[in-house]
Structures are given as C-alpha cells and as structure tokens.
Amino acid sequence: MYEEARETDPKKYIAGAAGDWELVVGLEVHAQISSKSKLFSGASAEYGGEPNDHVSIVDAAMPGMLPVINEFCVRQAVKTGLGLKAQINLRSVFDRKNYFYPDLPQGYQISQFKDPIVGPGTVLLDMKDGARVEIGIERLHMEQDAGKSIHDQHPSKTYVDLNRSGVALMEIVSLPDIRSSEEARAYVTKLRSILRYLGTCDGNMEEGSMRADVNVSVRRPGDPFGTRCEIKNVNSIRYVGQAIEYEARRQIDILEEGGSIDQETRLFDPKSGKTRAMRSKEEAHDYRYFPDPDLLPLEFTREWVDEIAAELPELPDEKRARLMSDYGLSAYDAGVLVADQASSAYFEKVATGRNAKLAVNWVMGDLSASANEKNVGLDQVGISPDQLGGLIDLIEDKTISGKIAKDVFEILLAEGGDPRTIVEDKGLKQVTDTGAIEAAVDEVIAANPDKVAEVREKPRMAGWFVGQVMKATGGKANPKAVNDILKAKLGL
Ligand code: ADP
Ligand code: MG
C-alpha cells in the first residue's frame, strides 16, 4: 500500500559510518474536536474542571447506558476532511477496540477501524528552501478519548479522572511520506493551522488537544521500507523533531553494528531528549475490533457534505496564493503570514487601501521583529492595524520620512497614541518647505569652504553634505529636496 511513497532528495540523506541512510516517517495525529459536548454523551468536553466534574453515566460506562452520536462532532470531522482535500465517506462504521485499562471503564474504546469517515487526502508543505512538499493523508477517523489515571496524588493509590472519557477525537493518519524532521515539524504546524482555520480543533498541544504518534524507520536509499518504531503521544512540535532526530540516529547505529530493529512502541523523554522502549509489538494488544452493536453505521448524504463545503472558510493555501497576487508578497512572507490566522488578518487590515509594498515592509520588518522579540503574534505586539496604517499614511503623504517613521514606531510601541498627533506634538513633520531647507544648505556650505572645494573634485562627497543638512534639520528635511538643492548650489 505504501509503494508509491515519495523519494528523498539525496541532500536530505543522513550520513552513517558506512554510507547514507534515508529517513521515513509517518504520523498519527490525535486532534480533539472542538465541541461543547462529548462524542456520545451530553457531558461537557471543556478542558480542566474538578476531576470527574464532566462525566455522564455514558462516560462512566454504567450498565445499560447507550451512546448517542453527537451530530456536531460528525460535522466537524467532515469539515476537517474537506479541509484536507480528502475523500468523504458517506457511510462509516464505529467499532469497539477492546482493551483493559483502569481509566477506560467501558473496557473498550469506540473508534472506527475498517470504514473511517474520511479517506485519502493531502497536506501541502512550504519548506524554507522554497520546496513544496505534498504529504499524503491515509485516513481520518473519529474515536473517544480515555480517562486519566493520576499517580502522583497519593503514596499508594492511583486516582481516576474521567473528565476526558468520551471526548471526541479525530485521528489523522499520514502516509509514510515524511523524509526529515523539518518536514515532520512543518507537517504538524500546517495541520494545526488548517484545523484552527476550520475551527475544528484548537490545536493547543500543551493542553493535550493535539498530540502525535511518530512512526520512524530508516533504510538504505532505494531499499524497501525498514522496520519502524512508534513513539507515542508526543505533545509539542519541537519534541516531534527531537524525537525523530534521536530515533533515526539510534536505529542507524544499531543497523550499522549489524543488529536489527524491533518493531516496538517507545516514549520520548523531553528531559534527556531520548526515546525509550515502552512495549514491544509481541506484547501488543489484540484489540478484537468489531462493529459496535449499540451504534448504527453512520450515513449521510452528499448534499449534507456539500452544505458543509459551502461554509468552509478560506484556508491557508488559498489565502497564501491570494496574498501573493493581491499584495505582491513573496511566497515565503505569505507562508509566514497565513500560518497564523490573526497575523494574516492583521496584515490585510493594514494593507487594504494602502501602498501594499510599504505595508509589507512594515509588517514583515519592524512589526515582525517586535513580535519575535516578544514571542507573540503580530496582533499582540501592542500596535493596532489602525495605528500602523496611520503611520504608513504619514510616510505615503510625505508628512514624515521613513527614518522618522522608525522613531514614531518606537514611540507607538512604548507609549501608544495616534501617529499623526505624535508627529505634530513632537514636531517631527518633514520639512518640505524649500526655503527652510535652502537656508540650512546655505549655512552648511558657508561653514565648510574646504569641503566645498573637495566635493567639486569628488562628487561622491555629496553624501557628507546631505548628512550635515539632515542633522541641522533634526532629520526632518525631505531627503529628495535636500539632494536637489545641494546639487544646484554646489554646481554638481
Ligand atoms: P498501526 O495502525 O499498526 O500503527 P499503520 O500501518 O496504520 O499501523 O501505520 C501507522 C503509521 O505508521 C502511518 O502514519 C504510516 O504512515 C506509518 N508507517 C507505516 N510504515 C512505516 C515505516 N516503515 N516507517 C515509518 N512510518 C511508517
Ligand atoms: Mg499506530
């Protein structure tokens, strides 16, 4: 089934002691569906709360309880499938995945096995070097989350919190198309951005709303796929990258020493940056999947899907293309902006009806630098689109020069306020009054007869005069006017 998987750019090979290796990665991402209530009960799906506050008799698996499908969650899964340009299956089946765990009172998880709600799709990655990489999605299925065992509250007891029991998850399974840790990080980032645009998952990895099982194998270029290890429940994008780097190296070392890889489940420890064995496939559960007799197959019509499709928002790929054509943004800048919905909305508010080039320069330049410094989104820097737009208007109508604009930007950052008022109050207006500039030019010429003689020999020296005049006018003189007047007066 994985035979058509993509080839690796030889630049991405990992050097071993004896020749190159190719990395192969496939991800299973669990994303919590944004929904008020759980997948099969009316209990709250909200994060947090006191332990066992959000538990109905269905989630506690009381005898005789019956699950009832939450239509909104189905809608969210379909929406996600459409956002992944995937096949939507009009008929899917819920299965019981049987295993024992203290925080799983039913004794099984309701999931989808053979017939998932969403089939093959794709996620496009824009890499830093400009490459576009297409990662295949194998499937998306719906399932319930389990509860949580709490081991650290009592010396000899384990507590069980069922707040998460029954919360709706989407498991999104990629093909083994990923060929480097950067691609894996870009994939999770892009997937999260698509889910957030769609409003189907909040993507908060710290709260566990999104986590990834990372499957890693290595092979000699051109060889069939190697045996994989699965690193469970990785909960940050950075850790996904680190886990892959470590795991690839571990496998290469074993293979180069003549050993072989055991297919096993591993855990990533962020403190040490290492993965360690959790259980081997031999001990793996036989889940005895079978269709849940409490639930009918899930069926809906093509018209219902079309209705949902009509409500889809503009997604990152389409928005990126539009920003490039509407505002002349580079592919890279557009990619950076659309990754975060609030940032691209901010940019559009600034750029609409204004000089797009100036808007791009200010948003991707000074504003982005401040955002990076503060480690926040563009909309969180503390300068509103109206303020930045106002500043750009002042440059555009030549009230201030680009240089003074930088000072005004700093004032806006530190004190806030209205850019035009700041410029007026602080007397920062650009001097375009040629009389005033002429007077300043005359003064500089009169005070520097030696330099005047020099500049007639070496016209490159003119820059020095421009600098002096700008200094004399507090940086407020219109640079073009200064140049013109100087040239005329010096006879250059
Ligand atoms: P399972 O359900 O047992 O975990 P699957 O065949 O459904 O197994 O694969 C799960 C994930 O493992 C998928 O994301 C897939 O892309 C990935 N995968 C499969 N084979 C390999 C391999 N040889 N190397 C890396 N990843 C792989
Ligand atoms: Mg798996």
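We count ligands from 1, going down the list as the structure has it; atoms in each ligand are counted the same way. In this text the structure is predicted, and so the values were computed from the model without any measurement.
- Classification of E318 and R320 as a salt-bridged pair fails, no side-chain N sitting under 4.0 Å from a carboxylate O.
- In this structure, E247 pairs ionically with R266, as a charged nitrogen and a carboxylate oxygen lie closer than 4.0 Å.
- Identified under the salt bridge (Lys or Arg N to Asp or Glu O under 4.0 Å) test for residues 66-84, with sequence neighbours left out: R75-E311.
- Salt-bridge check for K349 with D386: failed, with every basic side-chain N at 4.0 Å or more from each acidic carboxylate O.
- Between D161 and K148 there is no salt bridge, since no side-chain N of the basic residue sits under 4.0 Å from a carboxylate O of the acidic one.
- Every atom of ligand 1 with a heavy atom of V24 under 4.0 Å away is listed here by number and element: 24 (N), 25 (C).
- Of the listed residues (Q263, R219, R228), the one carrying the non-hydrogen atom nearest atom 8 (O) of ligand 1 is R228.
- Contact analysis puts E230 in contact with ligand 1, with a non-hydrogen atom separation below 4.0 angstrom.
- With distances taken over non-hydrogen atoms, the option nearest atom 2 (O) of ligand 1 out of R139, E171, E28 is E28.
- Close approach of ligand 1 to S174 is summarised as follows: ligand atoms under 4.0 Å from at least one heavy atom of the residue are 13 (C), 14 (O), 15 (C), 16 (O).
- Comparing heavy-atom distances from atom 23 (N) of ligand 1 across G136, G226, C229, P224 singles out G226 as nearest.
- Contacts between L175 and ligand 1 below 4.0 angstrom, taking non-hydrogen atoms only, involve the backbone exclusively.
- With ring centers used as reference points, F347 lies under 6.0 Å from Y327.
- If you look at L27 next to ligand 1, the close heavy atoms, those under 4.0 Å, all belong to the backbone.
- By the criterion of a heavy-atom distance under 4.0 Å, the side chain of V173, and not its backbone, is placed next to ligand 1.
- Looking at E138 next to ligand 1, no N or O pair under 3.5 Å apart turns up.
- Less than 6.0 angstrom separates the ring centroid of F94 from the ring centroid of F40.
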